Amino acid sequence: DDDGRFTERVADFKGLYVKDADKAIIAHMKEAGRVVSVGSIMHSYPFCWRSDTPLIYRAVPSWFIAVEQIKPALLANNAETYWVPEYVKDKRFHNWLENARDWAVSRSRFWGTPLPIWANEDLSEMRVVGSVAELEALGGEKVTDLHRHKIDHITIASSKGEGHPPLKRIEDVFDCWFESGSMPYAYIHYPFENKELFEKNFPGHFIAEGLDQTRGWFYTLMVLSTALFNKPAFRSLICNGLVLAEDGKKMSKRLKNYPPPMDVVSAYGADALRLYLINSPVVRAEPLRFKKDGVFAVVRDVFLPWYNAYRFLVQNALRLTAEGLPPFQPMTARQLAASSNVLDQWIHSASQSLAQFVRGEMEAYRLYTVVPYLVRFIDSLTNVYVRFNRKRLKGRTFDQDCRFALSSLFHVLLTVCKAMAPFTPFFTEAMYQNLSKALPQRPPADAAAAAPVGDGEVGRQGGLGGAAVDEEHLEWAEDSVHFCSFPTSDKHVDERMERSVERMMKVIDLARNIRERNNRPLKTPLREMVVVHPDAQFLEDITGKLCEYVREELNVRSVVPCADTSKYTSVRAEPDFSVLGRRVGKAMGAVAKAVKDMDAAAIAALQSAGEVTIAGHTLAASDIKVVRDFKAPEGSSAGDMDAAGDGEALVVLDLRPDTELLEAGAAREVVNRVQKLRKRAGLEPTDAVEVFVHLHGEGEGEGEGDKASHGGVSDGGVGSKGKEGAEESPLQRILVSQAAYIHDALGAPLLSADYCPSHAVVLASERYSGVAGASFTLTLTRPALCFSPSLAVNACNGNAEAATAVQVVLMARDPAKLRAEMAAAGGKVHVAVDGMGEWDMVQGAHLFLSVNDFLEANPATRP
């Protein structure tokens with residue numbers, strides 16, 4: 001019966017709950033002598049997930065929808081839909097429809113939507129009611145609630161006339177999936193309201209649900225829409241898999257086998273969780289074992305590098321103001337197009353390709369392809385553009401070039417923000433709020449009509465700075481990134497340059513592998529690198545536009561192109577066993593031998609024709625791996641050269657050392673020590689410091705001679721003369737010969753400790769050894785004020801006491817504020833000393849903001 005107990009038809013066990021009847025049934029069978037064996041078998045069994053009690057299957061009378069009659073129409077409508085992934089539509093769902101049976105749509109419950117069927121006792125007369133108004137007319141009373149207890153009492157007179165009993169509503173309610181399947185029209189009360197709205201928007205553009213809905217919601221949507229309209233209910237569908245606990249079991253509140261979602265959000269952010277899910281198998285209709293570590297990996301691989309690129313932009317944009325230069329204003333797209341820097345052109349093209357890719361993949365509902373592409377783009381942004389352009393971004397080239405680089409980085413970050421806003425709404429919003437401060441603020445409608453556009457006056461100051469309006473490439477700041485239009489790809493996509501930079505990074509990785517294999521650290525310069533590649537355009541790019549970056553990144557003196565692969569390689573063929581094994585079967589041995597016996601001419605013919613016939617089997621070029629082995633050129637000995645390749649490019653490094661290269665390597669070691677000391681001192685990349693070096697003599701103990709002169713200063717750098725009569729040390733010679741490189745790498749010269757003023761604020765100091773066999777001490781200080789020897793004569797009317805007082809007053813000032821004040825006043829500062837007078841101090845004549853500035857103006861004078 002409805003309580004799971006046996007009825008009178010099972011007289012021996014009447015009233016007994018079926019799950020309690022096992023022992024009684026066994027005993028009954030034993031008494032009847034019908035038992036052969038008694039035992040227990042462990043097996044899976046369905047339980048109610050709410051009450052955790054076993055379910056019982058019982059055949060009951062049901063009402064059905066005749067699905068089998070519309071099966072051809074169901075299959076035809078399914079073919080009109082677009083699914084991601086497609087195999088769920090073509091396999092799982094198609095097979096389900098193909099084997100569909102009539103749908104039992106009634107349920108014996110109290111709560112639910114009542115079946116609108118009124119019938120007599122023997123069901124010989126039935127009436128299906130189509131609306132509340134119809135029920136009111138037939139039942140003769142007002143209906144305000146369609147639940148069972150509000151309408152079950154209503155009866156409808158029999159159409160057979162008086163003397164026949166009235167029709168009563170059958171007690172069953174609808175399967176809840178019937179209601180879910182009716183959603184596209186039921187939610188707007190069609191057909192009683194919104195008829196035009198429904199007809200214009202049906203079928204729906206897009207739905208998304210789990211794989212388990214193949215037999216649930218997706219099915220009922222298709223059945224009902226086909227039965228009613230002979231159309232599918234949706235046009236596009238994303239089918240996701242199930243999110244499981246880390247142990248592979250279903251997530252359970254009772255078992256608590258998953259981390260609380262808000263704990264994950266609090267630890268890593270909602271955007272990280274969203275990207276983790278979008279980039280997981282779950283969006284390809286596959287199961288996901290949820291791991292909290294996976295969310296952290298998204299933070300590490302996506303958000304931290306992305307944020308670091310943004311922070312680097314902000315730091316260097318604010319640096320301009322701190323150095324007294326005009327504030328950062330991003331150039332317009334038209335202005336940036338004039339940049340001659342190849343990486344500016346490349347990163348703009350790459351960002352356009354990103355926007356184009358994201359738009360295309362989103363239009364195709366392929367969420368899972370976006371994050372891998374984004375990770376590769378951010379890696380390129382941080383490890384190629386920012387890394388290779390640090391000097392430009394830090395202003396170590398010239399001001400206009402720095403602004404080109406900063407503007408390029410700004411526009412790329414702005415484009416990425418807009419493209420990724422649907423995926424990471426909170427992170428992109430926070431970033432956009434600051435980036436947009438550098439964009440012009442949209443004027444009121446009346447002001448826009450009255451004022452000419454393009455005069456540079458409409459802008460907003462603060463944050464990253466203000467911006468002038470460009471009438472041809474205008475972009476206003478919006479209140480939110482989510483108010484911005486999705487970026488559109490323009491015609492500035494340079495596929496050749498993107499391809500060349502991608503290949504360049506592969507070449508750099510190959511060269512790094514060679515260095516590591518031969519124990520040649522990047523600090524050790526190498527004479528030559530040969531790039532062997534069949535693409536003449538790539539060779540032209542890597543030895544032309546990109547050569548500077550390759551040489552600097554790999555620390556090689558020259559990059560030589562080579563299109564003749566036979567000069568450095570021997571070629572051989574290997575069969576792809578994973579592909580051919582299944583196809584050729586027992587003939588694999590003979591095929592493999594024939595493939596390995598192919599000579600260079602046969603391999604070239606294969607690559608040209610795209611296929612070859614071997615042992616009676618036609619093999620495609622993709623079935624055979626072409627392996628290129630390094631062949632040292634004639635005249636070179638083992639250890640002089642080494643190579644690495646990826647099947648497309650071959651990189652050959654000349655590993656032979658020479659004196660000049662060793663000196664350059666030592667200079668890089670010194671620069672490396674300075675950078676590490678900056679880090680130990682807790683300095684930011686934009687913090688200005690001066691670096692002093694003291695070279696220790698033989699036998700000089702710790703702390704001795706820190707102020708001794710082991711190197712004079714010439715042209716603002718470490719000079720070639722040591723103590724009088726002392727011979728020049730190897731490191732001293734290296735610091736002189738490599739002074740230009742050191743200045744370029746540090747952004748400032750390396751100064752002798754002899755010239756460190758006593759009033760300089762020391763930030764860090766450390767003694768080192770092991771570079772060119774020498775011991776030396778590096779000292780970092782804040783830029784120290786230095787005064788002209790003629791200050792008393794030129795500025796203070798010969799009053800030495802007043803000159804001393806002026807120096808005390810100025811050295812007591814905050815250096816950053818003093819620098820900004822002088823920049824605003826055209827390089828001057830007004831000083832008043834009580835009882836002595838007032839004077840204007842001129843930068844470069846009376847005072848200098850750093851030791852280096854002083855030495856450049858007074859090369860023969862000690863500050």
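For this chain, numbers begin at 1 and follow the sequence in order. Since we're looking at a predicted model, the values are computed, not measured.
- Between the side chains of Asp541 and Ser500, at least one donor N or O sits under 3.5 Å from an acceptor N or O.
- In this structure Arg782 satisfies the side chain to side chain contact (heavy atoms under 4.5 Å, CB included) test together with Leu683, Asp687, Val761, Leu763, sequence neighbours excluded.
- In terms of modelled atom types and a separation under 3.5 Å, the side chain of Gln335 and the main chain of Thr332 share a donor-acceptor contact.
- A 4.5 Å side-chain heavy-atom check between Trp346 and Tyr385 finds at least one atom pair inside the cut-off.
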From CA spacing to verdict: side-chain hydrogen bond (donor to acceptor under 3.5 Å, both in side chains), Ser339, Asp344: CA-CA 7 Å; Ser339 173; Asp344 286 352; 2.8 Å; yes

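- Remark: the Arg527 side chain and the Ser558 side chain contain no N/O donor-acceptor pair separated by less than 3.5 Å.
- Without hydrogens or angle criteria, Ser436 side chain to Leu439 main chain gives no donor-acceptor distance under 3.5 Å.
- Here the side chain of Thr415 pairs a donor or acceptor atom with the backbone of His411 at under 3.5 angstrom.
- Taken to the nearest 0.5 Å, the CG atom of Asn316 stands 11.5 Å off from the CG atom of Asn389.
- Residue pairs meeting the side chain to side chain donor-acceptor pair (under 3.5 Å) criterion with at least one partner in residues 819-834, sequence neighbours excluded, are Arg813-Glu821, His830-Glu838, His830-Asp840.
- Remark: Glu766 engages Arg680 in a salt bridge (charged side-chain N to carboxylate O under 4.0 Å, His left out) (not counting sequence neighbours).
- A cation-pi arrangement, defined by a distance under 6.0 Å to the six-membered ring centre and an angle within 45 degrees of its axis, is absent between Arg403 and Phe410.
- Between the Asp640 side chain and the Arg656 main chain, no donor and acceptor come within less than 3.5 Å of each other.
- The backbone N or O of Phe404 lies less than 3.5 Å from no partner atom in the side chain of Ser407, so there is not a single donor-acceptor pair.
- Listed by chain and number, the residues in a salt bridge (charged side-chain N to carboxylate O under 4.0 Å, His left out) with Glu540 are Arg496 (sequence neighbours excluded).
- Ring geometry for Tyr310 against Tyr307 counts as tilted: the plane angle lies between 30° and 60°, on a 0 to 90° scale.
- The distance from the OG atom of Ser408 to the CG atom of Leu336 is 4.5 Å, given to the nearest 0.5 Å.
- Relative orientation of the Phe388 and Tyr549 rings is parallel, given thresholds of 30° and 60° on the angle between their planes.
- For the pair Arg517 (side chain) and Asp642 (backbone), a donor-acceptor distance under 3.5 Å is absent.
- For Thr781 and Glu690, the side-chain atoms include no donor-acceptor pair closer than 3.5 Å.
- Rounding to the nearest 0.5 Å gives a distance of 12.5 Å between CH2 of Trp306 and OG1 of Thr382.
- Listed for the Asp744 side chain is no donor-acceptor partner under 3.5 Å among the backbone atoms of Ala740.
- No donor-acceptor pair under 3.5 Å is formed between the side chain of Arg673 and the backbone N or O of Arg767.
- Applying the salt bridge (charged side-chain N to carboxylate O under 4.0 Å, His left out) test to Glu498 and every residue at least two apart in sequence or in another chain returns nothing.
- The only member of Arg396, Lys394, Arg392 that meets salt bridge (charged side-chain N to carboxylate O under 4.0 Å, His left out) when paired with Asp401 is Arg392.
- Inspection of the Thr777 and His696 side chains reveals an N or O donor paired with an N or O acceptor under 3.5 Å.
- With rounding to the nearest 0.5 angstrom, the CG atom of Leu818 is 8.5 Å from the CG atom of Asp814.
- Between Thr779 and His694 there is no side-chain heavy-atom pair separated by less than 4.5 Å.
- Using modelled atom types, one side-chain atom of Asn341 and one backbone atom of Leu343 make a donor-acceptor pair closer than 3.5 Å.
- Arg503 pairs by the side chain to side chain contact (heavy atoms under 4.5 Å, CB included) definition with Arg499, His533, Asp535, Phe538, Glu648, not counting sequence neighbours.
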Salt bridge (charged side-chain N to carboxylate O under 4.0 Å, His left out) between Glu553 and Arg512, worked out: CA-CA 10 Å; Glu553 182 65 17; Arg512 286 172 179 161; 2.4 Å; yes

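- Of the inter-residue distances, the one linking Leu313 atom CG with Leu409 atom CG reads 4.5 Å to the nearest 0.5 angstrom.
- Rounding to the nearest 0.5 Å places SG of Cys796 at 8.0 Å from NE2 of His846.
- Contact check for Pro815 versus Leu785: no side-chain heavy atoms found under the 4.5 Å cut-off.
- A donor-acceptor distance shorter than 3.5 angstrom exists from the side chain of Ser850 to the backbone of Asp853, with no hydrogens or angles considered.
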